[in-house]
2 protein chains.
Amino acid sequence: MVGISDVARHAGVSTATVSRALSGNGPVLAATRIRVESAARELGYVPSSNASSLASGRMKNIGVVVPFLNRWFFASVVEGAQSALQRNGYDLTLYNLTGGTEARRSVFEHFLLRQRVDAVIAVSLELTENEVTRLHALGKPLVGVGGPLLGVPTLTVDDIAVARLATEHLITLGHTRIAHIGGDKAFDLDFNLPTNRRFGYQAALAGAGIEVSPELYKPADFTMRGGYQAAKQLLGSPHERPTAIFAASDEMAIGCILAARDLGLVVPRDVSVIGVDDHEQAGFFGLSTVAQFPEAQGEKAVEILMNELQAGSAGVADAGTGALNTSMPFELIVRDSTACPPS
Amino acid sequence: MVGISDVARHAGVSTATVSRALSGNGPVLAATRIRVESAARELGYVPSSNASSLASGRMKNIGVVVPFLNRWFFASVVEGAQSALQRNGYDLTLYNLTGGTEARRSVFEHFLLRQRVDAVIAVSLELTENEVTRLHALGKPLVGVGGPLLGVPTLTVDDIAVARLATEHLITLGHTRIAHIGGDKAFDLDFNLPTNRRFGYQAALAGAGIEVSPELYKPADFTMRGGYQAAKQLLGSPHERPTAIFAASDEMAIGCILAARDLGLVVPRDVSVIGVDDHEQAGFFGLSTVAQFPEAQGEKAVEILMNELQAGSAGVADAGTGALNTSMPFELIVRDSTACPPS
DNA sequence: GCCCATGCTGCAAGCGTTTCCATAAACAGT
DNA sequence: ACTGTTTATGGAAACGCTTGCAGCATGGGC
């Protein structure tokens, strides 16, 4: 292994100077810096991050905890975070909690406390107060993505507003019999996501003076199959059939479209469908939707952490950690699955 | 921070003994171990992995490099690897190469060389010889998932056999006009995956004495849209229409099913469709397919690495690193998208 | 009863950086 | 010319753990 002392010898300076020259901490004569840099390049020297971390207390590594990885949303958040971190010279160590309670405990009791990460990003995770305090006690910044976390800076899209936007789009088109397919209570990963979207839906209806009829709401799994089955029920009986469906996710919405087709209905002529996410397959199905931008959320989370880490090292008190909850953008995307109701 | 010396004092032993007691390296009297363990628990001591790594040379961390993350296959491999690593007390640091050439360079020149990982798993990545040598020079075991890598233990499914299995399933059902939708050349991520699947398809036909007609092959994107468009062309003209389609991926196959429906054809009555992957949505669409098991691949990769790391530390020469290419299982899954051809 | 294994334990030397402090050099002000 | 600053550099002490080596009991064989 080529260590810092090799570089030092090669460049005719001390290890202290090499460290300063390469890290940019502390004053170094321009000429010296150049000598050191070329020596390092010549020897193919790469600093050992362990030694560096041990000595400096900075890990240059941040932990990302997700409940699952093979869902489009989570994977995209992680991907966004990864690129952003890489640009900042940070590593990303990934923890997923698929393993259940045991995995979760082990992540929090063991992995995150080992001084291996400078901070953590929790994606769609409802942390217990204990878990939060624990991390704070170690002085590790924490940011949440999706869902407000008590006392933790968090990125969220305003689910109520999202749902309202989608529903209002349908209302604007002239629909009045608008159904909603939401998540059932069991799907509690994402905080109150299902509930909030339902609220937004109801608020939009109320705002337009449309009565909210309970038979137009169907809870379902957050999957195509869930959406499909719910839509089958909603659209099954021709009398009193809704003319539009707002599904709480794109996958569900796609399920709706397929169900409609199977029932011989044409989307959007007979029934309009709108979802939420702008899932990668939304375009293919011509699905109108409200986009949220998971990569951007990952990147933003990183940005916040970088600021906090910098502030922390600058000795700034934990005072103005900024707005605790920063609201992420969303956007109505109209494709071919929504139109005026049949006359 | 509560360090090892605090625990030592608390338990009335030396730091050396604490280290041995908690890590299990070296002999410790049972009574002592218990004293140490309870002291550690009481103080909430967690060893600093940096210090530990620096002193021992073991990082307890392995790097996983993927080209993308938000694709089902990659995410699943990573998820499998993550769980397996967690069970072994290892961290997973993730690198994705979405950033393009620059990202790739920075990963290999910088990140992986910093003594932060004990080994690396490369998923569907054609590493250059330089990259491989570089890692080997550092003594870092490397295993590839998907696609043989020169001189590197690799997990692959036999794509030719997979394609043959799928095609033979169709042949067994009585089909003779069997089309294939494969990947185009540009899709070179996965080594020769498209080509191999095409070979397997042709081999199966040849084996059954069926002529391979070029107009029954369509290259396309590895997406639903790609499969949809290709299927539209294949199924468009009623005369000489194929009675079955073997698509090189489930997403493409789903596209086929949708295309068939849009053309007024019933699957599998008018046309059978089979894919490859057992994608999470295959079940919903009733798609017959050849499953490969990405999580299992991730886990297996970890298993191989664990063995190699152990062997390495045992001072075993690099001799019998085992079969360089271990073949992963696959399995025909028959659902409702394949049946006998129309008579 | 003595000596030699045997098995636990403690001492202390690293591991490869960073950073505090001291030193030295260079320069400005008087 | 002399002190007072300022700036670049080197020496050396951390950082928190692991591990080789030596020491010291303890127990068994003769």
Side-chain angles (χ1 to χ4, degrees), chain A residues 1-37 39-40 43-61 89 110 113-116 118 138-139 313-315, chain B residues 1-37 39-40 43-61 89 110 113-116 118 138-139 313-315:
Chain A
M1 238 232 92
V2 29
I4 197 174
S5 55
D6 299 307
V7 179
R9 209 172 313 120
H10 205 80
V13 295
S14 71
T15 64
T17 301
V18 173
S19 173
R20 282 186 287 248
L22 296 180
S23 71
N25 286 93
V28 178
L29 214 55
T32 319
R33 155 167 297 122
I34 290 178
R35 259 208 338 280
V36 170
E37 277 169 353
L43 299 178
Y45 167 72
V46 180
S48 147
S49 55
N50 276 304
S52 167
S53 296
L54 182 57
S56 71
R58 290 175 239 110
M59 311 301 148
K60 287 283 192 173
N61 185 17
H110 252 55
L113 303 178
R114 287 183 313 174
Q115 303 291 342
R116 193 168 261 183
D118 287 320
L138 281 167
S313 72
Chain B
M1 237 234 93
V2 29
I4 198 174
S5 56
D6 300 308
V7 180
R9 208 173 313 119
H10 206 79
V13 296
S14 70
T15 63
T17 301
V18 173
S19 172
R20 284 187 282 250
L22 295 181
S23 71
N25 287 92
V28 178
L29 213 54
T32 318
R33 155 168 295 123
I34 291 178
R35 261 209 335 282
V36 170
E37 277 169 352
L43 300 178
Y45 168 71
V46 180
S48 148
S49 54
N50 277 305
S52 166
S53 296
L54 182 56
S56 70
R58 290 173 240 112
M59 310 301 150
K60 287 284 193 172
N61 184 17
H110 255 55
L113 302 179
R114 289 183 311 175
Q115 303 290 340
R116 191 166 262 184
D118 287 319
L138 281 167
S313 73

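In what follows, every chain begins at residue 1, and chains take the letters A, B, ... in the order their sequences are listed. Computed over heavy atoms, backbone and side chain alike; hydrogens, waters and symmetry mates excluded.
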*Would you jot down, in residue-number order, the residues of residues 7-23 of chain B having a non-hydrogen atom under 4.0 Å from DNA chain D?*
B:Ala16, B:Ser19, B:Arg20
*Figure out the CE/C1' separation between B:Met59 and D:dC17, and round it to whole Å.*
13 Å
*Starting at CG of B:Asn50, measure out to CZ of A:Arg116 and round the result to the nearest 0.5 Å.*
7.0 Å
*What are the two closest heavy atoms between B:Ala8 and B:Ser14, and how far apart are they?*
CB-C, 3.8 Å
*What pair of heavy atoms forms the shortest contact from A:Gly12 to A:Arg35, and how long is it?*
O-NH2, 4.1 Å
*Which of these, B:Thr15, B:Thr17, B:Leu43, sits in a side-chain contact (heavy atoms from CB on, under 4.5 Å) with B:Val7?*
B:Leu43
*Minimum heavy-atom separation for B:Tyr45 to B:Leu22, with atom names?*
CE2-CD1, 3.6 Å
*Going by number, which of residues 43-57 of chain B have a non-hydrogen atom under 4.0 Å from DNA chain C?*
B:Leu54, B:Ala55
_Closest to the B:Leu29 side chain, choosing from C:dT9, D:dT9, D:dT19_ = C:dT9
*Locate the shortest heavy-atom distance separating A:Val28 from A:Arg33; write the atom from each residue and the value.*
CG1-N, 3.7 Å
*Give the rounded distance in Å between these two atoms: CZ of B:Arg114 and P of C:dT17.*
13 Å
*Out of curiosity, A:Leu138 CG to A:Asp118 CG, how far, rounded to the nearest 0.5 Å?*
11.5 Å
*Axis-to-axis angle across the helix from C:dG1-D:dC30 to C:dT30-D:dA1, five pairs an end, to 10 degrees?*
40°
*For the atom pair CG (B:Asn61) and OG (B:Ser53), what is the distance rounded to the nearest 0.5 Å?*
8.0 Å
*How many Å lie between CD1 on B:Ile4 and P on C:dC11, as a whole number?*
14 Å
*Round to a whole Å and report the spacing from CD of B:Gln115 to P of C:dT17.*
9 Å
*Under 4.0 Å between a side-chain N/O of A:Arg58 and OP1 or OP2 of C:dT19, yes or no?*
yes
*Enter the distance from A:Met59:CE to A:Ser52:OG here, rounded to the nearest 0.5 Å.*
9.0 Å
*Less than 4.5 Å apart, any side-chain heavy atom of A:Met1 and any of A:Asp6?*
no
_Nucleotide C:dT17, atom P - distance to CG of A:Asn25 in whole Å_ = 15 Å
*Check the pair B:Gln115 / B:Leu54 against side-chain contact (heavy atoms from CB on, under 4.5 Å), numbers first and verdict last.*
CA-CA 9 Å; B:Gln115 303 290 340; B:Leu54 182 56; over 6 Å; no
